[in-house]
Amino acid sequence: MEHADAKRKGLIPRLFIITLLYFLLGFVAIEFALLALACMSIPFMLLARYKQKVWCHRYCPRASLIQTFGKKCSRWRVLPPMFTDGYLRKVLLWYFGLNLLFIAGSTIRIATGDMAPMPYVRLFIAIPLWPLPQLLHIGSPDWLIHLSYRFYSMMLSSTILGVVAAMIWRPRAWCAVCPVGNLSNRLLRHHT
Ligand code: SF4
């Protein structure tokens, strides 16, 4: 099988450029942030096709980014037990699940005129920052701009967590608790 040795081959080099490009494209037009949907669905499509975590082993741009940052450090601390005992995995799965639910709910409420949009970056659902300067103005409806900012914020928040964990504990500490990796493991267990 074409991807049978994906784990052995490891990540394709320099995929982190895709992650950096994603955040840069937000300054061109925030609507590009909707590409997050591809990042969230492709891992599961590959999992369904190859019955293994091909995305995690070979193609994940975020893993490439955190690995690149992590390798710049050399004195990591011991990984706290909550990374490996399942506690943080559960917390993050709930956090991202609820985040997606809030995103869907607020977008629907804005589309129906029941809520004002939040056209700015907000970290960890709680820290409002600012709107990004836009090179292109596509003229999207408020709900789509809101949705784009929510995805951008979610991707930025989780990338920050991943990079910080990589620099403190180990290059791919984030992978031990990543909701996509966690869900992939659960699905694989379910089908074997
Ligand atoms: S666990 Fe998450 S961050 Fe790590 S490789 Fe898989 S999808 Fe990427």
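Each ligand, and each atom within it, is numbered from 1 in the order the structure gives.
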**OP:** Check S153, P131, P128 against V121 for a side-chain contact (heavy atoms from CB on, under 4.5 Å) and give me the one that passes.
**Re:**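 So, applying the side-chain contact (heavy atoms from CB on, under 4.5 Å) to V121 and each of S153, P131, P128, only S153 qualifies.
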
Original post:
Hey, quick one: are M154 and W55 part of the same hydrophobic cluster, counting side-chain heavy atoms closer than 4.5 Å, chains of contacts allowed?
Top reply: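 Different clusters.
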
**OP:** Taking atom CZ of F124 as the centre, report whether more than 12 heavy atoms of other residues, nucleotides or ligands fall under 6.0 Å from it.
**Re:**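 Atom CZ in F124 is crowded, with more than 12 foreign heavy atoms closer than 6.0 Å.
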
Subject >> Gap separating the CG atom of L161 from the CG atom of L123, nearest 0.5 angstrom >> reply: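 Rounded to the nearest 0.5 Å, the CG-CG separation comes out at 9.5 Å.
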
Original post:
Of the protein's non-hydrogen atoms, which lies at the shortest distance from atom 5 (S) of ligand 1, and what is that distance?
Top reply: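 Ranked first by proximity to atom 5 (S) of ligand 1 is R172 NH2, 3.2 Å.
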
Subject >> Region of K53 that comes within reach of ligand 1 [heavy atoms, distance under 4.0 Å] >> reply: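 For K53, no heavy atom sits under 4.0 Å from ligand 1.
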
**OP:** Sort by chain and number the protein N/O/S atoms that are closer than 2.8 Å to atom 2 (Fe) of ligand 1, and list them.
**Re:**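 Within the sphere that stays under 2.8 Å of atom 2 (Fe) of ligand 1, the protein atoms of type N, O or S are C178 SG.
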
Original post:
How are the rings of Y22 and Y152 set relative to one another: parallel (under 30°), tilted (30 to 60°) or perpendicular (over 60°)?
Top reply: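 Y22 and Y152: parallel rings.
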
**OP:** Indicate yes or no: at least one non-hydrogen side-chain atom of M167 is less than 4.5 angstrom from one of K72.
**Re:**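 SC-SC contact between M167 and K72 ruled out.
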
**OP:** Taking atom types as modelled, find out whether N185 and R189 have a side-chain donor-acceptor pair closer than 3.5 angstrom.
**Re:**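 Their side chains do not contain a donor-acceptor pair, so the 3.5 Å distance test is not met.
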
